[in-house]
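Keep in mind the model is a prediction, meaning the values are calculated, not measured.
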Amino acid sequence: MSRMPRSSTLPELLIRRELHRRGMRYRVNHKLLPGRPDIAFTRAKVAVFIDGCFWHLCPLHGAVPKNNSAWWAAKLQRNVQRDREKDNQLSALGWTVAHFWEHEDPMDVADRIEALWQQNRGAPERGTRSPRHV
């Protein structure tokens with residue numbers, strides 16, 4: 001278990017790379033925010049978590065191991081409960097919270113994150129220019 005990467009997993013890296021390619025800048029594992037979001041857009045107040053299917057009980061791929069199943073079930077349920085607690089804490093601070101599964105297509109995830117980012121920062125749609133402030 002100690003060898004499992006806590007951050008910068010392949011799905012996270014693919015999504016971050018695509019967001020960066022689109023010109024979006026973010027903080028990684030922001031230590032001052034509850035739950036240390038995988039990606040945080042501080043100006044737009046958008047916190048993004050890329051959840052592992054096993055650790056966060058994905059409805060498609062999450063499964064409780066057969067060995068020591070009672071212990072694992074309690075542990076994984078506590079992970080999900082902790083996710084909801086940190087979501088509530090972030091929401092109370094005025095942040096928009098988004099969760100995505102590691103198995104989701106990185107391009108689709110990046111599209112959804114970009115839409116949230118644009119919505120929360122009040123920016124015009126991609127490819128249009130905002131009026132100059134005089």
Side-chain angles (χ1 to χ4, degrees):
M1 292 300 169
S2 64
R3 292 183 187 168
M4 294 298 295
R6 205 184 149 113
S7 64
S8 297
T9 61
L10 182 59
E12 285 179 42
L13 292 174
L14 293 173
I15 292 165
R16 289 188 343 219
R17 190 172 298 139
E18 178 57 24
L19 294 173
H20 193 273
R21 188 191 68 74
R22 295 177 186 201
M24 300 169 66
R25 300 301 180 254
Y26 47 82
R27 302 269 312 260
V28 177
N29 301 116
H30 197 314
K31 294 176 186 174
L32 301 178
L33 293 175
R36 295 180 58 176
D38 298 320
I39 302 168
F41 298 95
T42 54
R43 289 189 182 139
K45 286 193 164 189
V46 175
V48 177
F49 295 92
I50 311 301
D51 295 335
C53 291
F54 174 75
W55 295 107
H56 299 273
L57 290 177
C58 168
L60 297 177
H61 306 108
V64 176
K66 292 184 193 248
N67 289 338
N68 207 2
S69 62
W71 183 87
W72 276 108
K75 168 141 181 71
L76 298 175
Q77 281 298 332
R78 178 64 185 127
N79 287 351
V80 173
Q81 181 183 9
R82 192 177 312 113
D83 290 343
R84 298 301 75 82
E85 290 168 3
K86 71 184 174 197
D87 293 351
N88 292 335
Q89 291 171 339
L90 285 164
S91 294
L93 294 171
W95 284 72
T96 299
V97 180
H99 286 266
F100 300 97
W101 294 109
E102 67 179 349
H103 66 262
E104 292 185 71
D105 178 52
M107 296 299 278
D108 291 340
V109 171
D111 289 343
R112 291 165 35 208
I113 292 171
E114 184 176 15
L116 276 174
W117 177 72
Q118 287 180 344
Q119 174 186 337
N120 283 16
R121 62 187 283 264
E125 287 298 315
R126 203 173 193 200
T128 62
R129 293 181 178 225
S130 60
R132 289 185 175 208
H133 298 284
V134 180

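Under the 4.5 Å side-chain heavy-atom criterion for Ile, Leu, Val, Met, Phe, Trp and Tyr, L10 and V48 are members of distinct hydrophobic clusters. Under the 4.5 Å side-chain contact rule for hydrophobic residues, L33 and V97 share a cluster. V46 and F49 fall into different hydrophobic clusters, where Ile, Leu, Val, Met, Phe, Trp and Tyr are joined by side-chain heavy atoms under 4.5 Å apart, directly or via other members. Residues V80 and W55 are members of one and the same hydrophobic cluster, defined by side-chain heavy-atom contacts under 4.5 angstrom among Ile, Leu, Val, Met, Phe, Trp and Tyr. Both M24 and V109 belong to a single network of hydrophobic side chains, linked directly or stepwise wherever heavy atoms of I, L, V, M, F, W or Y lie under 4.5 Å apart.
Listed here is the closest heavy atom pair of W95 and A47: CE3-N, 3.7 Å. The two residues K86 and G35 make their nearest non-hydrogen contact at CD-CA, 3.7 Å. Shortest non-hydrogen contact noted between A98 and L116 is CB-CD1, 3.6 Å. Counting all heavy atoms, side chain and backbone alike, A73 lies closest to V64 at N-CG1, 3.8 Å. W101 approaches P59 most closely through the heavy-atom pair CZ2-CD, 3.7 Å.
Heavy-atom contacts from other residues, nucleotides or ligands closer than 6.0 Å to CZ of R17 number 12 or fewer. No more than 12 heavy atoms of other residues, nucleotides or ligands shown are found within 6.0 angstrom of CG on N67. With a 6.0 Å radius and a threshold of 12 heavy atoms from other residues, nucleotides or ligands, R84 has its CZ atom above the threshold.
The aromatic rings of W117 and F41 lie tilted to each other, with the angle between the two planes from 30° to 60°.
Salt-bridge annotation for E18 and R21: present, with a side-chain N of the basic residue lying under 4.0 Å from a carboxylate O of the acidic one. With salt bridges taken as basic N to acidic carboxylate O contacts below 4.0 Å, one links R22 and D111.
Donor-acceptor pairing under 3.5 Å is lacking for the side chains of H99 and D83.
Remark: side-chain polar atoms of E102 are paired, donor with acceptor, to backbone N or O of C53 under 3.5 angstrom.
R16 has its side chain out of reach of H20: every pair of non-hydrogen atoms, C-beta onward, lies at least 4.5 Å apart.
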